[in-house]
Amino acid sequence: MASGEHEYRIDVEWTGNEGSGTSGYRAYGRNHEIRACGKPSIPGSADPAFRGDASRWNPEDLLVASASACHKLWYLHLCSDAGIVVERYRDEAVGTMLDTAAGGRFTKIVLHPHVSIRAGGDVALAEALHHKAHEKCYVANSVNFPIECEPVVDTIEV
């Protein structure tokens, strides 16, 4: 694995000017496009609670998705190294944010990965590797709130 410093360049362009800019809180849209070189655009907005478009990704969705995806990628890597063959992986992650007059913040994210490994694989080790994946996850190591993991591991015949 490559070590050292890595840089990520993202372009976020606001597309919500409805003719009068930000002349009033209700006068502008929250829509934007998130881009990175060589990748498809992500349509973004605010959470609907903050006048956003529910059909678009909001920053809170993306934070929860980042934590889930980072954990998954480390987990698959560790399983591969350990000889555990993962056949399916699905996470139904839930992030909780507290919004107050003083500002908002995430209080936790709970990952709920459901993993199916090939029959004959070591279920106990597959469960334990979630803890190791959490320790290695770049996103989990970067936030100031807990990310919990409640995995389910089963086996399937292939």
Side-chain angles (χ1 to χ4, degrees), residues 1-13 30-50 52-100 102-158:
M1 172 158 304
S3 62
E5 187 173 276
H6 302 271
E7 186 174 81
Y8 300 89
R9 294 181 180 266
I10 303 295
D11 175 50
V12 177
E13 181 180 1
R30 276 51 177 180
N31 290 358
H32 54 271
E33 293 292 322
I34 303 166
R35 299 182 191 96
C37 186
K39 299 176 184 177
S41 285
I42 298 171
S45 190
D47 183 287
F50 307 109
D53 181 341
S55 70
R56 291 171 158 253
W57 290 87
N58 63 59
E60 297 80 15
D61 290 333
L62 294 169
L63 178 61
V64 175
S66 292
S68 175
C70 187
H71 180 91
K72 176 208 39 110
L73 292 167
W74 270 109
Y75 181 77
L76 296 176
H77 173 89
L78 295 168
C79 284
S80 177
D81 284 352
I84 294 172
V85 180
V86 175
E87 295 289 345
R88 290 188 209 138
Y89 185 110
R90 180 177 177 164
D91 185 11
E92 295 178 357
V94 178
T96 302
M97 187 180 79
L98 178 63
D99 183 29
T100 67
R105 66 179 178 87
F106 269 79
T107 57
K108 70 178 174 179
I109 292 175
V110 181
L111 308 178
H112 298 98
H114 185 158
V115 180
S116 296
I117 64 172
R118 189 173 291 170
D122 186 337
V123 172
L125 178 57
E127 290 171 350
L129 288 176
H130 279 286
H131 179 71
K132 192 169 183 183
H134 178 73
E135 291 174 349
K136 292 188 170 285
C137 175
Y138 303 131
V139 174
N141 286 322
S142 300
V143 298
N144 65 354
F145 57 85
I147 297 178
E148 302 167 8
C149 187
E150 300 174 359
V152 172
V153 177
D154 60 26
T155 61
I156 59 172
E157 298 287 338
V158 287

Between CG of Leu98 and CZ of Phe145, what distance do you get to the nearest 0.5 Å? 12.5 Å

Heavy-atom side-chain contact between Leu62 and Ile34 under 4.5 Å: yes

Taking all non-hydrogen atoms of both residues into account, name the closest pair between Gly95 and Ile109 and its distance. CA-CG1, 4.0 Å

Evaluate the side-chain contact (heavy atoms from CB on, under 4.5 Å) criterion for residues Ile156 and Arg88: first the C-alpha distance (whole Å), next the side-chain angles of each, then the deciding distance (0.1 Å), finally the verdict. CA-CA 9 Å; Ile156 59 172; Arg88 290 188 209 138; 4.0 Å; yes

Return the CD to CD distance between Glu33 and Glu13, rounded to the nearest 0.5 Å. 8.0 Å

Heavy atoms, side chains only, cut-off 4.5 Å: are Thr107 and Met97 in contact? no

Report yes or no: does His114 contribute a side-chain atom to a donor-acceptor pair with the main-chain N or O of Arg90 at less than 3.5 Å? no

Enter the distance from His32:NE2 to Arg56:CZ here, rounded to the nearest 0.5 Å. 8.0 Å

Considering non-hydrogen atoms only, spot the tightest contact between Asp122 and Ile84 and give its length. O-CD1, 3.9 Å

Take atom CD of Glu135 as the centre, draw a 6.0 Å sphere, and report whether it contains more than 12 heavy atoms from other residues, nucleotides or ligands. yes

Of all heavy-atom pairs between Val94 and His112, which one has the smallest distance, and what is that distance? CG2-CE1, 4.1 Å

Mind checking the CG-CG spacing from Asp81 to Leu129? Nearest 0.5 Å is all I need. 9.5 Å

Any side-chain heavy atom of Val158 within less than 4.5 Å of one from Glu87? yes

How long is the straight-line distance from CZ of Phe50 back to CG of Asn58, given to the nearest 0.5 Å? 9.0 Å

In this structure, CG of Leu78 is separated from CG of Leu125 (nearest 0.5 Å) by 9.5 Å

Please work out which of the three classes, parallel, tilted or perpendicular, describes the rings of Tyr89 and His130, given edges at 30° and 60°. tilted

So does His131 have more than 12 non-hydrogen atoms from other groups sitting under 6.0 Å from NE2? no

Any Leu63 side-chain heavy atom under 4.5 Å of Phe106 side chain: yes

Should the ring pair His71 and Tyr75 be called parallel, tilted or perpendicular, given that the plane angle runs from 0 to 90° and is split at 30 and 60? parallel

For residues Val64 and Ala93, report the shortest heavy-atom separation together with the two atoms involved. CG1-CB, 3.7 Å

I need the single residue from Ser68, Cys137, Pro151 that forms a side-chain contact (heavy atoms from CB on, under 4.5 Å) with Leu111. Which is it? Ser68

Can you see which heavy atom on Ala119 is nearest to which on Glu157, and at what distance? CB-OE2, 3.3 Å

Locate the shortest heavy-atom distance separating Ile147 from Ala140; write the atom from each residue and the value. CD1-CA, 3.7 Å

